[in-house]
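Start at 1 and go down the list; that is how both ligands and their atoms are numbered. Model, not experiment: these values are computed from the prediction. If you read the sequence from its start, that first residue is 1, and numbering goes on from there.
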Amino acid sequence: MALVLCQQCLSWVEPIAEQCPQCDYPIDLRAADPTLEDLAATIGPLTSVIGPVRISRTVLPYRGVLYATTGGLFFLPESVERVRLVPTVLSPGSLVRALTRIPMRILRLGTLRGAWNFERPHMRVEVFVQPSPRLGPGDGDQIPRLLMDDPGAFFFARRSIKSVRRTFSGWALVRPNNLTLRLKPLGDRAAFNEQMTALASEVLETVLR
Ligand SMILES: [Zn+2]
């Protein structure tokens, strides 16, 4: 799966026919990523922590924390999977197996002298889970970098919210193309609902203005 950051809706998406499947905006794969300064200008300062949430999607992580900024909503997954290269030490058995596959001509040339050292490190790829930071009021300047570093993170700009609706299990954010993202609060429901109610009335005011 090749993900790109849609510069219109600031979600990591897999383009379909050079269009963003979230907001239908054309995606130019040759365009450079936005700079951290561009992102900071769009996202704006962090205003509050809305709370832990589960969102309606299956391909990317769906549990995380929702934050409010002056520009919209930022979702950060609770953790991110990363890969790293770690050294591994050849056991004597694996070294013997490796050497039996090396032509004698090369062994006689002595080019593999170093391989006789059993402690010689080799590298292998390891996948590990890194917990995401929990942002506080003064940490808003980290958001652009977190968005670029974690394809599970996304920003939902206020300009991309057509409506905010209360649902049976939580909330629904509706885009102008009617694509809906469902949110289910996982922590303090009353605090979460209070903030989403405030957002819903602000969005309604903007639409009516
Ligand atoms: Zn988009």
Side-chain angles (χ1 to χ4, degrees), residues 1-82 132 135 140-167 170-185 195-196 199-200 202-209:
M1 188 168 57
L3 296 170
V4 294
L5 184 72
C6 168
Q7 303 213 11
Q8 177 65 17
C9 68
L10 295 188
S11 298
W12 288 92
V13 294
E14 191 173 18
I16 298 172
E18 298 194 10
Q19 268 198 336
C20 170
Q22 289 287 324
C23 69
D24 300 337
Y25 199 75
I27 289 185
D28 180 358
L29 293 172
R30 290 155 300 182
D33 281 333
T35 64
L36 295 181
E37 290 75 25
D38 293 341
L39 291 173
T42 305
I43 293 167
L46 176 64
T47 50
S48 64
V49 182
I50 298 180
V53 69
R54 180 190 173 119
I55 60 171
S56 57
R57 66 177 179 183
T58 51
V59 178
L60 289 162
Y62 51 80
R63 287 173 73 104
V65 177
L66 195 65
Y67 298 92
T69 73
T70 54
L73 299 171
F74 176 62
F75 172 80
L76 184 63
E78 57 190 16
S79 60
V80 59
E81 276 191 2
R82 299 203 182 279
S132 299
L135 303 180
D141 55 350
Q142 293 183 34
I143 291 179
R145 188 185 49 75
L146 290 166
L147 177 63
M148 292 309 293
D149 279 358
D150 183 355
F154 65 84
F155 182 69
F156 208 124
R158 280 173 188 251
R159 62 162 193 247
S160 304
I161 303 176
K162 183 172 129 188
S163 65
V164 180
R165 283 192 291 110
R166 187 89 180 252
T167 64
W171 292 84
L173 298 176
V174 186
R175 291 190 184 277
N177 61 3
N178 289 328
L179 198 76
T180 302
L181 179 76
R182 294 179 187 282
L183 309 171
K184 184 182 179 190
Q195 298 209 58
M196 291 303 293
L199 176 74
E202 285 167 24
V203 167
L204 187 63
E205 270 175 33
T206 313
V207 171
L208 294 178
R209 202 179 291 152

Quick note, side-chain hydrogen bond (donor to acceptor under 3.5 Å, both in side chains) partners involving residues 48-72, not counting sequence neighbours, are S48-Q195
Pairs under 3.5 angstrom only: tabulate donor-acceptor contacts from the side chains of residues 144-157 to other protein residues two or more places apart or in another chain.
| unit_1 | atom_1 | unit_2 | atom_2 | d |
| --- | --- | --- | --- | --- |
| R145 | NH1 | D149 | OD2 | 3.3 |
| D150 | OD1 | G152 | N | 2.8 |

Residues passing the side-chain contact (heavy atoms from CB on, under 4.5 Å) test with P26, sequence neighbours excluded, are none
From the list P77, S79, S132, side chain to side chain contact (heavy atoms under 4.5 Å, CB included) partner of P61 resolves to P77
Taken by chain and residue number, the protein N/O/S atoms under 2.8 Å from the Zn ion (ligand 1) read C6 SG, C9 SG, C20 SG, C23 SG
(request) Spell out, as yes or no, whether a donor-acceptor pair under 3.5 Å connects the side chain of Q7 to the backbone of A32. (result) yes
Discussion item. Could you tell me if the side chain of V13 sits less than 4.5 Å from the side chain of I27, heavy atoms only?
Written reply: yes
